[in-house]
There are 2 protein chains.
Amino acid sequence: MNDLTSLDMVSRLRSSGKRITPERKLLLRIIEQHAHLDAEEIYRIAQRDRPQIGLATVYRTLTLLKNLDIVRATDLGENHGHYEVRSEEHVHLVCSICGCVTDVPVPSALRAAAKKEQFAVQSTHFEIFGTCRSCSDKPSTASEAKRG
Amino acid sequence: MNDLTSLDMVSRLRSSGKRITPERKLLLRIIEQHAHLDAEEIYRIAQRDRPQIGLATVYRTLTLLKNLDIVRATDLGENHGHYEVRSEEHVHLVCSICGCVTDVPVPSALRAAAKKEQFAVQSTHFEIFGTCRSCSDKPSTASEAKRG
DNA sequence: GTAGTTGCAAAAAATTTGCACGGAC
DNA sequence: GTCCGTGCAAATTTTTTGCAACTAC
C-alpha cells in the first residue's frame, strides 16, 4: 500500500528529462490500476480514453518505463510479456485454470542464495504456476479459464 | 547428476505413444547437453548433424517435450524462450553482462509460501538477474557479452 | 499399411522501426 | 521555436500452421 503513486512516477519521468504526455500519463495510470496486463490489453483499455492511440506508443512507453525502473515485465507462461508497476519484489502465484495472479512476498532465503554465490542482484522474476485455492475447490469451473 | 538420461526420456516419449524419430533424439540430446539455449540456437546446432531439419520441427518438438514435462521453457529476459531438461527445480542466476546462467537450489521457504496460500504448485520459474561474480571482478570485460 | 512426423513456405503473433506531423517545454 | 513523442504503416522477430511427402511402428 506504500507504493509509488502516479504522481511520484510522473516526477520521476520528468526528472529524467522525459516529457509528460497525455499518452504516458494514461498508460501509467492503466498499468498502475491493473497489474499483469499484456501490451494488447493495455492498448485496448487506453483506446477507451484515447481512441487514436497507437500500439507502437504502448510498446515505446513500456520500454521507456522499464528503463526507468518504473514498470517491469513478467513472463506469465504465455509468449508475450505482462506488465506491472515496480514495487517490492514478490512471487507471482499464477493459476493455470483461471489465470489469476496472486502476489506473495519473497522469502529472504532466496536473496541469501544469490548472496552465497556472490551474485549482485538487480531484479528478480519469481513465478509459481499451479492451481489457486478457489479453482481447487470447484474443479468443474476449469472451462471458464481466462487463458489457454 | 542424478537426472534423466536421454534413454529415460526416449522411453518416456515411447510410452506416451509418440514415435522416436532421429530428429527427436537429436534435439533431445542437444537440449540435454546445452541448457538454456533458445529455439534458433538449438536449430543451428541440430543443422550440423542434420542439415535439412526445419525450424518448425524444433518448435514442434519443444512443444511436445514441454507437454511431456521432459523439458521446460524459461524466460531469460529476452523476448523468446530458452529451454532446458527438467530436473529438480532450481533458481537461475542470470548475468546481464556475460549472459551466463548459474543454477542454485530453491529454498524450501518458497514452497512453504505457496502452501500457505493453499496454492497447488505445478511448476516454478525463478530467475534472478544481476551480475555474476567474475563479471563483478573484471568490470571491463562487459563488452564481451554473449547476449544483448 | 497407416497414422504420426517432417520440411517447406506461408501465416500469425509479438515487437520494433522509419518518417512526417504535432505538441510539451 | 525546438526537439521529443506520436500515429501510421511497414519491417522484424518469434512461433504456429497447412499440406504433401515420408517413415516409424
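Chain naming here is simple, since letters A, B, ... match the order of the sequence lines and numbering starts at 1 in each.
Both E23(B) and E40(B) lie close to DNA chain D; mapped to their nearest nucleotides by heavy-atom distance, the more 5′-ward contact belongs to E40(B). Between K18(A) and I20(B), it is K18(A) whose nearest contact on DNA chain D lies nearer the 5' terminus.
E117(B) contributes no side-chain N or O that, together with a main-chain N or O of A114(B), makes up a donor-acceptor pair within less than 3.5 Å. Under the 3.5 Å distance criterion, the side-chain polar atoms of R14(A) are left unmatched by any main-chain donor or acceptor of I20(A). Although no hydrogens or angles enter the test, the distance criterion places no donor-acceptor pair under 3.5 Å between the side chain of H92(A) and the main chain of E127(A).
When rounded to the nearest whole Å, the span between CD of E78(B) and P of dT12(D) equals 20 Å. The distance between atom CD of Q52(A) and atom C1' of dG22(C), rounded to the nearest whole Å, is 12 Å. Nucleotide dT15(C) holds its C1' atom 14 Å from the CD1 atom of I42(A), rounded to whole Å. Taking atom CZ of residue R24(B) and atom C1' of nucleotide dG7(C), one finds them 14 Å apart after rounding to whole Å. Atom CG of L26(A) is separated from atom C1' of dG23(C) by 16 Å (rounded to the nearest Å). Between the P atom of dT13(D) and the CD atom of E41(B) lies a distance of 15 Å, rounded to the nearest Å. Separating the CD1 atom of I53(B) from the P atom of dT5(C) is a distance of 14 Å, rounded to the nearest angstrom. One interatomic measurement links the two molecules: CG of L64(B) to C1' of dT5(C), which rounds to 10 Å at whole-angstrom precision.
Between C132(B) and C95(B), the shortest heavy-atom contact is N-SG, 3.4 Å.
Side-chain to base pairing of R14(B) with dG4(C): no donor and acceptor N or O lie closer than 3.5 Å to each other. Put simply, the side chain of R19(A) and the base of dC4(D) share a donor and an acceptor less than 3.5 Å apart. At a cut-off of 3.5 angstrom, counting only N and O atoms as typed in the model, there is no donor on one side facing an acceptor on the other between the side-chain of R50(A) and the base of dG7(D).
In this structure, L55(A) reaches the bases: a heavy-atom distance under 4.0 Å links it to at least one base atom across the strands shown. Residue G17(B) is classed as having no contact, given no heavy-atom separation below 4.0 Å to the nucleic acid.
Applying the 4.0 Å criterion to OP1 and OP2 of dC4(D), one finds that T21(A) has every side-chain N and O outside that range. Between N79(B) and the phosphate of dT14(D), there is a side-chain N or O to OP1/OP2 separation shorter than 4.0 Å.
F126(B) has its side chain out of reach of E89(B): every pair of non-hydrogen atoms, C-beta onward, lies at least 4.5 Å apart.
Closest contact between the side chain of A56(B) and the listed nucleotides dA9(C), dT15(C), dA9(D) involves dA9(C). The nucleotide whose nearest atom lies closest to any side-chain atom of R60(A) is, among dC19(C), dA24(C), dT15(D), dC19(C). Here the side chain of Y59(B) is nearest to one of dT16(D), dC25(D), dG7(C), namely dT16(D). Looking at the side chain of A39(B), the nearest of the listed nucleotides dT15(D), dT23(D), dT6(C) is dT15(D).
More than 12 heavy atoms of other residues, nucleotides or ligands shown are found within 6.0 angstrom of CZ on R50(A).
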